Amino acid sequence: MAYFMFATGIENSYPTLESGKVRVDEMAKCGHYDHWRRDFELVQEIGTPYLRYGPPIHTTWLGPDRYDWSFADETFGELQRRDITPITDLCHFGVPDWIGNFQNPDFPAQFARYARAFAERFPWVQFYTPVNEMYVCALFSAKNGWWNEQLKSDQAFVTALEHIVRANVLAMHAILAVRPDAIFVQSESTEYFHPDCPSAVAEAAIKNEVRFLSLDLNYGHPVSSQMYEYLLDNGMTRSAYHFFLKHQLRRHCIMGNDYYATNEHLVSKDGTVSGSGEIYGYSVITGQYYARYGLPVMHTETNFAQGPQGNEPVRWLQKEWANVLRLRDDGVPMVGFTWYSLTDQVDWDTALREQNGRVNPLGLYDLSRNIRPVGTAYQQLIADWREEVAARSMVLMIPAFPPSQQGSALLHTLQAAAKTANEQLEASGKS
């Protein structure tokens with residue numbers, strides 16, 4: 001059982017560019033395929049019992065019901081041996097070549113089969129993020145024209161969003177059929193749009209509703225009349241919308257909120273959007289999401305680039321941690337914090353849409369696996385705060401078990417109870 005989850009992550013984005021001809025594989029760029037054993041050592045060195053991690057979908061999922069589990073067998077076997085709890089990220093900004101992109105209506109059902117196959121092969125895994133940052137994935141792929149289908153329309157965005165969220169929901173149901181006590185962490189970008197003049201107020205208000213759409217659909221939260229018209233005007237059917245109201249699984253979910261200095265935006269009078277930098281900050285904006293959904297919250301991503309002073313990320317870590325404590329003291333059930341990611345990343349400064357090979361100094365370790373000042377600071381933060389946050393947690397207990405306890409009698413009892421509760425709720429038609 002757990003009270004608070006300190007975590008880091010292995011960056012595993014893999015979108016495509018140039019009409020699917022170029023695959024951006026961050027695990028390759030950051031050297032994880034060559035250094036994964038060392039990377040897992042570093043996770044333990046920092047002191048994070050939880051790791052956001054997932055197999056590369058494009059080399060694992062070869063076709064309908066066809067899988068190459070060789071790399072996942074090695075890596076997840078090592079995580080189990082080291083007693084590191086993975087929060088398993090099954091789809092991170094891309095799909096296999098044979099699926100094509102997020103406009104493919106076959107993706108949701110096929111992905112659910114992939115998720116179930118993973119759960120059957122690794123039944124000891126309890127935590128999942130089936131689809132990472134659903135809003136961002138749909139936005140960058142189908143509205144901004146940067147990744148995957150590289151389209152730029154509201155209809156393409158709504159289509160991608162529907163398929164992505166449906167895939168996430170179906171995957172949760174598929175995993176629960178194998179692992180009835182599974183816990184799902186919806187890592188989603190925490191966004192806010194500020195009007196920069198009075199004539200931009202209406203447009204900013206619309207964008208501040210659109211930012212919620214992925215989680216509204218995922219959690220079965222009724223959208224506003226304006227957003228309902230927007231969805232239907234851009235291709236979603238009434239029956240598709242009601243699918244999300246009927247099949248949500250809030251009772252198994254932790255709301256993951258990602259926040260960076262780039263998550264707040266300025267909207268101008270002509271509707272163009274630019275970065276505003278941090279204005280409200282994580283605690284204010286996450287408070288808006290919590291007020292909307294009322295779910296336990298985990299800060300699932302943040303980082304900051306190391307600059308000439310060397311301590312810029314350390315100051316950002318201190319600020320984000322202060323925001324987590326502020327939310328907790330305000331009564332929000334905060335259950336975890338994540339510095340993302342373990343190592344530096346490559347081409348994050350262009351949102352992975354340019355192949356510059358530029359190393360971004362964002363990690364707890366550099367790409368030579370040397371610890372950065374923020375790594376030392378995070379290591380100390382965990383050591384200092386681990387017991388205090390457990391003692392003063394707003395959540396009595398998270399029914400989470402590390403790999404070494406997956407065969408315990410208590411866990412089997414809880415799984416049986418979860419299975420019975422799930423079956424009863426399904427039979428009654430309630431979520």
Side-chain angles (χ1 to χ4, degrees), residues 1-2 5 7-12 14 27 32-33 36-37 39-41 43-44 48-92 94-96 110-132 167-187 249 252-254 256 300 336 342 398-408 410-412 414-416 418-419 422:
M1 307 292 274
M5 301 184 291
T8 186
I10 304 293
E11 161 60 342
N12 67 329
Y14 33 69
M27 287 204 288
H32 179 69
Y33 294 135
W36 59 267
R37 289 182 178 85
D39 287 347
F40 294 163
E41 289 178 3
V43 172
Q44 292 185 304
T48 52
Y50 295 86
L51 179 68
R52 292 198 57 212
Y53 186 72
I57 198 173
H58 56 294
T59 57
T60 304
W61 188 18
L62 306 181
D65 301 319
R66 291 179 51 235
Y67 314 106
D68 178 356
W69 298 115
S70 54
F71 185 67
D73 284 343
E74 284 193 292
T75 53
F76 277 82
E78 184 69 5
L79 290 173
Q80 186 178 30
R81 188 185 73 80
R82 290 180 178 274
D83 209 24
I84 297 171
T85 299
I87 303 173
T88 301
D89 187 339
L90 292 178
C91 180
H92 200 120
V95 292
Q110 291 289 341
F111 179 70
R113 296 176 69 86
Y114 171 60
R116 177 164 186 149
F118 180 93
E120 289 173 339
R121 192 166 188 91
F122 304 100
W124 59 272
V125 173
Q126 185 180 9
F127 282 86
Y128 288 88
T129 300
V131 184
N132 174 72
N168 193 76
V169 171
L170 291 177
M172 289 194 290
H173 283 275
I175 291 165
L176 287 170
V178 178
R179 182 76 200 234
D181 63 334
I183 297 172
F184 303 105
V185 182
Q186 268 79 47
S187 177
L249 288 165
H252 287 275
C253 293
I254 291 170
T300 36
L342 179 73
I398 306 164
F401 293 79
S404 60
Q405 297 178 19
Q406 285 298 314
S408 69
L410 174 59
L411 178 59
H412 287 312
L414 291 174
Q415 285 180 316
K419 184 174 186 293
N422 291 344

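Bear in mind that the values here come from a model prediction, so they are computed numbers and not experimental data.
- In this structure, L170 CG and R113 CZ are separated by 12.0 Å, a value rounded to the nearest 0.5 Å.
- Taking 4.5 Å as the limit, every side-chain heavy atom of I87 sits out of range of all side-chain heavy atoms of Y128.
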Please step through side-chain contact (heavy atoms from CB on, under 4.5 Å) for the pair F111 and V95, ending with a clear verdict. CA-CA 9 Å; F111 179 70; V95 292; over 6 Å; no
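- Qualifying salt bridge (Lys or Arg N to Asp or Glu O under 4.0 Å) partners for D73, counting only residues two or more places apart in sequence or in other chains: R121.
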Could you walk me through whether I175 and L90 pass the side-chain contact (heavy atoms from CB on, under 4.5 Å) check? CA-CA 11 Å; I175 291 165; L90 292 178; 4.2 Å; yes
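- Residues forming a salt bridge (Lys or Arg N to Asp or Glu O under 4.0 Å) with R81 (at least two apart in sequence, or on another chain): E78.
- Under the 4.5 Å side-chain criterion, counting only non-hydrogen atoms from C-beta, C91 is not in contact with Y114.
- Between Y50 and F127, the ring planes lie perpendicular to each other; the angle is over 60°, past the 30° to 60° tilted range.
- Identified under the salt bridge (charged side-chain N to carboxylate O under 4.0 Å, His left out) test for residues 168-180, with sequence neighbours left out: R179-D181.
- Not counting sequence neighbours, P123 has no partner by the side-chain contact (heavy atoms from CB on, under 4.5 Å) test.
- Of all heavy-atom pairs spanning P403 and T85, the tightest one is CD-OG1, 3.5 Å.
- Proximity of a side-chain donor or acceptor of Q406 to a complementary backbone N or O of Q126 within less than 3.5 Å is not detected.
- Between the NE2 atom in H32 and the OG1 atom in T75 there is a gap of 6.0 Å [rounded to 0.5 Å].
- Take H58 and apply the ring pair (Phe, Tyr, Trp, His ring centres under 6.0 Å) test, not counting sequence neighbours, and it matches Y14.
- Under the rule for a salt bridge (Lys or Arg N to Asp or Glu O under 4.0 Å), the partners of E120 that lie at least two apart in sequence or sit in another chain are R116.
- Surrounding CZ of R82 are more than 12 heavy atoms belonging to other residues, nucleotides or ligands, all under 6.0 Å away.
- Taking both residues in full, the closest heavy atoms of C253 and M172 are given as SG-SD, 4.0 Å, listed atom of the first, atom of the second, then distance.
- Every residue meeting the side-chain contact (heavy atoms from CB on, under 4.5 Å) condition with S70, not counting sequence neighbours, appears here in chain and number order: D68.
- Residues passing the side-chain hydrogen bond (donor to acceptor under 3.5 Å, both in side chains) test with N168 are N218, sequence neighbours excluded.
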Given V185 and R52, is the side-chain contact (heavy atoms from CB on, under 4.5 Å) satisfied, shown in steps? CA-CA 10 Å; V185 182; R52 292 198 57 212; over 6 Å; no
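- Between P86 and V125, the shortest heavy-atom distance links the atoms CG-CG2, 4.3 Å.
- Residues that satisfy the side-chain hydrogen bond (donor to acceptor under 3.5 Å, both in side chains) test with Q186, not counting sequence neighbours, are Y219.
- Qualifying salt bridge (Lys or Arg N to Asp or Glu O under 4.0 Å) partners for E74, counting only residues two or more places apart in sequence or in other chains: R37.
- In terms of heavy atoms, A174 sits closest to A112 at CB-O, 3.4 Å.
- Within the model, atoms CG of N422 and CD of Q415 stand 11.0 Å from one another, a figure rounded to the nearest 0.5 Å.
- With sequence neighbours left out, T129 forms a side-chain hydrogen bond (donor to acceptor under 3.5 Å, both in side chains) with no residue at all.
- A side-chain contact (heavy atoms from CB on, under 4.5 Å) with L51 is found for exactly one of L342, T88, I84, D89, namely I84.
- Heavy-atom minimum distance, N12 versus G54: ND2-O, 3.5 Å.
- Within the 4.5 Å cutoff, side-chain heavy atoms of F184 are placed close to those of P130.
- With sequence neighbours excluded, the residues that form a ring pair (Phe, Tyr, Trp, His ring centres under 6.0 Å) with F76 are Y53, F118, F122.
- Taking every heavy atom of both residues into account, N132 and S187 meet most closely at OD1-OG, 3.4 Å.
- Note that CD1 of I10 is 8.5 Å distant from CE of M27, once rounded to the nearest 0.5 Å.
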